[in-house]
There are 2 protein chains.
Amino acid sequence: MDDLADLAPARPGGAGRPRGDTRERIQAVALDLFAERGYEATSLREIAERLGVTKAALYYHFKSKEDIVRSFTEDYLGELDALLAWGAAQPRSAATRAELLTRYGDIVGRRLGVLRFLEQNRAALDHLLSEHGGPDRKQWLRAQFEALRDLLVPPDATLRDQVRASMAVASVGIGCMHYHQVADQAELRDIVLEIALDLTGSAPSTP
Amino acid sequence: MDDLADLAPARPGGAGRPRGDTRERIQAVALDLFAERGYEATSLREIAERLGVTKAALYYHFKSKEDIVRSFTEDYLGELDALLAWGAAQPRSAATRAELLTRYGDIVGRRLGVLRFLEQNRAALDHLLSEHGGPDRKQWLRAQFEALRDLLVPPDATLRDQVRASMAVASVGIGCMHYHQVADQAELRDIVLEIALDLTGSAPSTP
DNA sequence: ACCTGAACACCGTTCAAGT
DNA sequence: ACCTGAACACCGTTCAAGT
């Protein structure tokens with residue numbers, strides 16, 4: 001049920017296994033509470049109490065509340081950046097579009113917990129992610145969203161095609177997230193990609 | 001600007017307008033800040049300072065911070081409830097679907113500021129709107145979203161058709177909101193509705 | 001290395017008191 | 001009716017101190 005398995009601490013100190021798993025437990029509890037009740041509405045006291053430590057103890061593992069968020073979002077954001085870089089280097093063909101949407105679905109599908117957190121905390125995020133990437137990183141998520149959309153349409157696309165490309169991107173994210181509890185995730189992926197490809201297929205109005 | 005006290009009654013019977021417009025100014029400033037920086041991240045001190053009053057003054061006009069939110073969301077939520085009630089009483093035809101999506105677009109288009117606030121503050125909202133409607137009103141927005149979706153598909157619809165209907169609803173909201181700055185809003189409405197109707201049109205797989 | 005206790009300024013909320 | 005000043009418990013954060 002948790003997708004935090006791949007969040008290794010990457011702590012220095014040679015070959016010694018860091019026996020304290022407190023850091024990872026903080027991440028797991030925080031992602032859970034932040035996604036469910038919201039980032040601002042969740043206090044560090046709640047997180048600490050759930051783990052049986054004091055508030056101050058959290059500050060040994062993370063330098064701030066925002067830092068906890070970064071620790072489980074940066075991987076996702078990095079993968080998205082990589083996808084955008086790859087897409088920018090490809091020809092703007094139908095095959096590229098299909099590949100972009102498929103890979104995007106993979107990234108999203110692998111980190112549904114993080115995506116749910118992002119969706120639920122949009123307002124808090126612009127303020128949170130200002131460190132990631134450049135300096136003027138307000139509206140970060142939106143910028144990434146639009147970058148992906150722009151790879152799906154020619155630079156001079158009509159408003160109609162832009163909107164349709166936007167909805168293609170949104171379909172993948174919203175579809176995977178909203179239906180994350182369905183049994184057959186492979187079927188869901190097919191459905192979502194069919195919608196997304198429909199929307200980016202040129203076919204202006206011919207039946 | 002002198003002292004001749006206006007002993008005006010200040011309460012002309014029925015729904016008397018309080019001559020001070022402080023209440024509405026609070027609403028406007030709050031909606032603005034809540035949508036931009038987020039509900040939790042915006043303090044009452046900021047709102048009060050912008051209006052040149054003290055924090056405590058806000059509590060004369062609203063009984064809590066949440067109450068300010070309710071004051072500008074209840075109209076929108078009421079209209080949605082009315083639409084759902086209307087839809088539930090209609091036959092589940094293609095004409096009804098088109099009408100539902102069109103009316104939904106009208107409601108959304110008329111209150112983009114509120115919708116933007118709702119989208120940006122999803123996490124805070126479940127906690128906020130627990131008063132509205134019944135007692136167990138957690139996940140309120142989601143419940144309304146799914147109710148609208150369910151009016152667009154038969155009760156035994158396939159997963160594919162359910163997902164497509166979800167995306168139809170989402171298209172209207174996201175499309176209107178994401179492209180709220182475009183000049184020709186009528187054109188946008190047509191584009192968004194075309195997408196939504198495409199997605200709810202039965203056409204299983206025939207091109 | 002890992003954590004605590006006490007302190008800091010700030011938050012939403014209340015309330016007696018002013019006009 | 002409309003607003004203020006001071007108080008309340010809580011928040012994120014810091015830091016000297018403990019093991």
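Since we're looking at a predicted model, the values are computed, not measured. Values below: all heavy atoms of this structure, side chains included; hydrogens, waters and symmetry mates excluded. Naming convention: chains lettered A, B, ... in sequence-line order (proteins, then strands); numbering from 1 in each chain.
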Exercise. Listed by chain and number, what are the salt bridge (charged side-chain N to carboxylate O under 4.0 Å, His left out) partners of A/D67, not counting sequence neighbours?
Worked result: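 With sequence neighbours excluded, A/D67 shows a salt bridge (charged side-chain N to carboxylate O under 4.0 Å, His left out) to A/R70, given in chain and number order.
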Looking at [Y], is its backbone amide N or carbonyl O close enough to the side chain of [X] to form a donor-acceptor pair, meaning the two atoms are under 3.5 Å apart?
X      : Y      : result
B/N121 : B/F34  : yes
B/R92  : B/V153 : yes
A/T96  : A/P91  : yes

Exercise. Between B/R25 (CZ) and D/dC2 (P), how many Å, whole number?
Worked result: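 Distance, rounded to whole Å: 13 Å.
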Below 4.0 Å: OP1/OP2 of [N] and any side-chain N or O of [X]:
X     : N     : result
B/H61 : D/dC3 : yes
A/T22 : C/dC3 : yes
A/Y60 : C/dC2 : yes

Please enumerate all protein N or O atoms sitting under 3.5 Å from an N or O of nucleotides 16-19 of chain D, with distances to 0.1 Å.
none

For this session: Taking the six-membered ring for Trp and the full ring for Phe, Tyr or His, determine whether the centres of B/F117 and B/Y39 are under 6.0 Å apart.
Result: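 Ring centres of B/Y39 and B/F117 not closer than 6.0 Å.
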For this session: Please check if any side-chain donor atom of A/Y179 sits under 3.5 Å from a side-chain acceptor atom of B/S166, or the reverse.
Result: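 Judged by distance alone, the side chains do pair up.
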Problem set entry | Beyond-backbone contact of A/E119 with A/R116, side-chain heavy atoms, under 4.5 angstrom |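 No, too far: nothing below the 4.5 Å cut-off.
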For this session: Just need the stems in DNA chain C: three or more back-to-back Watson-Crick or G-U pairs, each with both distances under 3.5 angstrom, sorted by first number.
Result: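 Expected stems, ordered by start: C:4-8 with D:12-16, C:12-16 with D:4-8.
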Between the protein and nucleotides 10-15 of chain D, which nitrogen or oxygen pairs are less than 3.5 angstrom apart?
from: D/dC11; atom 1: OP1; to: A/S43; atom 2: OG; distance (Å): 3.3
from: D/dC11; atom 1: OP1; to: A/R45; atom 2: NH2; distance (Å): 2.7
from: D/dC11; atom 1: OP2; to: A/R45; atom 2: NE; distance (Å): 2.6
from: D/dG12; atom 1: OP1; to: A/T42; atom 2: O; distance (Å): 3.3
from: D/dG12; atom 1: OP1; to: A/L44; atom 2: N; distance (Å): 3.3
from: D/dG12; atom 1: OP1; to: A/K65; atom 2: NZ; distance (Å): 3.0
from: D/dG12; atom 1: OP2; to: A/L44; atom 2: N; distance (Å): 2.9
from: D/dG12; atom 1: N7; to: A/K55; atom 2: NZ; distance (Å): 2.9
from: D/dT13; atom 1: OP2; to: A/Y59; atom 2: OH; distance (Å): 2.5
from: D/dT13; atom 1: OP2; to: A/K65; atom 2: N; distance (Å): 2.8
from: D/dT13; atom 1: O5'; to: A/Y59; atom 2: OH; distance (Å): 2.8

Please set out all donor-acceptor pairs under 3.5 angstrom arising from side-chain atoms of residues 47-54 of chain A, sequence neighbours excluded.
none

For this session: Sequence neighbours left out, what passes ring-ring contact (aromatic ring centres under 6.0 Å, His included) with A/F145? Give chain and number order.
Result: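 If we apply the ring-ring contact (aromatic ring centres under 6.0 Å, His included) test to A/F145, skipping adjacent residues, the hits are B/H178.
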Problem set entry | B/E79 with B/R110: basic N within carboxylate O range, under 4.0 Å |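 Salt bridge flag = yes for B/R110 with B/E79.
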